[in-house]
Amino acid sequence: GNSVTQMEGPVTLSEEAFLTINCTYTATGYPSLFWYVQYPGEGLQLLLKATKADDKGSNKGFEATYRKETTSFHLEKGSVQVSDSAVYFCARMGQGAQKLVFGQGTRLTINP
Amino acid sequence: GAVVSQHPSWVICKSGTSVKIECRSLDFQATTMFWYRQFPKQSLMLMATSNEGSKATYEQGVEKDKFLINHASLTLSTLTVTSAHPEDSSFYICSAPDRGGSDTQYFGPGTRLTVL
């Protein structure tokens, strides 16, 4: 089927730690892939995206590379900060115009 | 960036009543909007696509008579949960796509519905 599976949380790290949140997808073809972030009390915001294989999306120190061989789009950041505490959602473009299919979300907490 | 608002941000109602949730694109027009439902610690599930000036398109398993969608203008879509029951309690989120041709979507902050 068409789905997105991401690393279960919650994830708790210390400030300046290295972060990886795994995300894999199933799809027909090569859909655009996204990471959205939801800060406490706010709506989802696009963090980064990649539209084709081998593309790397990056923003605010976060990176994710579209890997068609492993059907993955893992989110990484070299040194996290307390302000990165949020829920992170991996998503892919679904069937039909602009429909998004989301992973289950990963809650990240960064301690000072 | 573009802003999408939702009203109310939270609502508590009695079982059997109807609740209307508004989704507005504040600084851009949206011929299409999407309504999602998010259960605790779970993913967002697309419920329906709201189309300005025409009927909404519902995802499989979503009751269209239960979740009424109206997209009366280019900046407003409403979701009405009719005859609400406790199992309808959830977090409802809307989004509107960027009209510049990109595949970016802008999300509202969500509405927490609690049915007693």
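All values below come from the heavy atoms of this structure, side chains included, with hydrogens, waters and symmetry mates left out. All values reported here derive from a predicted model rather than from experimental measurement.
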When you look at Gln38(B) and Phe89(A), which way does the side chain to side chain contact (heavy atoms under 4.5 Å, CB included) test go after all the steps?
-> CA-CA 12 Å; Gln38(B) 184 180 24; Phe89(A) 291 91; 3.3 Å; yes

Stepwise side chain to side chain contact (heavy atoms under 4.5 Å, CB included) test for Lys99(A) and Gln105(B) | CA-CA 9 Å; Lys99(A) 293 184 178 181; Gln105(B) 289 196 27; over 6 Å; no

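Heavy atoms closer than 4.5 Å to chain A are found nowhere in Phe39(B), neither backbone nor side chain. Of the atoms belonging to Thr49(B), it is side-chain heavy atoms, and not backbone ones, that fall under 4.5 Å from chain A. For Glu59(B), the part lying under 4.5 angstrom from a heavy atom of chain A is the side chain only. Only the side chain of Leu46(B) comes within contact range of chain A, judged by heavy atoms closer than 4.5 Å. Neither the backbone nor the side chain of Gln45(A) comes within contact range of chain B; no heavy atoms are under 4.5 Å apart.
Leu113(B) and Phe34(B) fall into different hydrophobic clusters, where Ile, Leu, Val, Met, Phe, Trp and Tyr residues are linked whenever their side-chain heavy atoms come under 4.5 Å apart, directly or through other members. In the hydrophobic clustering of ILVMFWY residues, with side-chain heavy atoms under 4.5 Å counting as a link, Val19(B) and Met33(B) come out apart. Taken together through direct or relayed side-chain contacts under 4.5 Å among Ile, Leu, Val, Met, Phe, Trp and Tyr, Met47(B) and Phe102(A) form parts of separate hydrophobic clusters.
Atom NE2 of His85(B) has more than 12 neighbouring heavy atoms from other residues, nucleotides or ligands inside a 6.0 Å radius. Other residues, nucleotides and ligands place no more than 12 heavy atoms under 6.0 Å from the NZ atom of Lys20(B). Few gaps surround CZ on Phe91(B); more than 12 heavy atoms of other groups in view lie less than 6.0 Å from it. The number of heavy atoms from other shown groups lying within 6.0 Å of CD (Glu15(A)) is above 12.
The nearest pair of heavy atoms linking Leu100(A) to Phe107(B) is CD1-CZ, 4.0 Å.
Taken to the nearest 0.5 Å, the CG atom of Leu44(A) stands 9.0 Å off from the OG atom of Ser95(B). The distance from atom OG1 of Thr104(B) to atom OH of Tyr36(A), rounded to the nearest 0.5 Å, is 6.0 Å.
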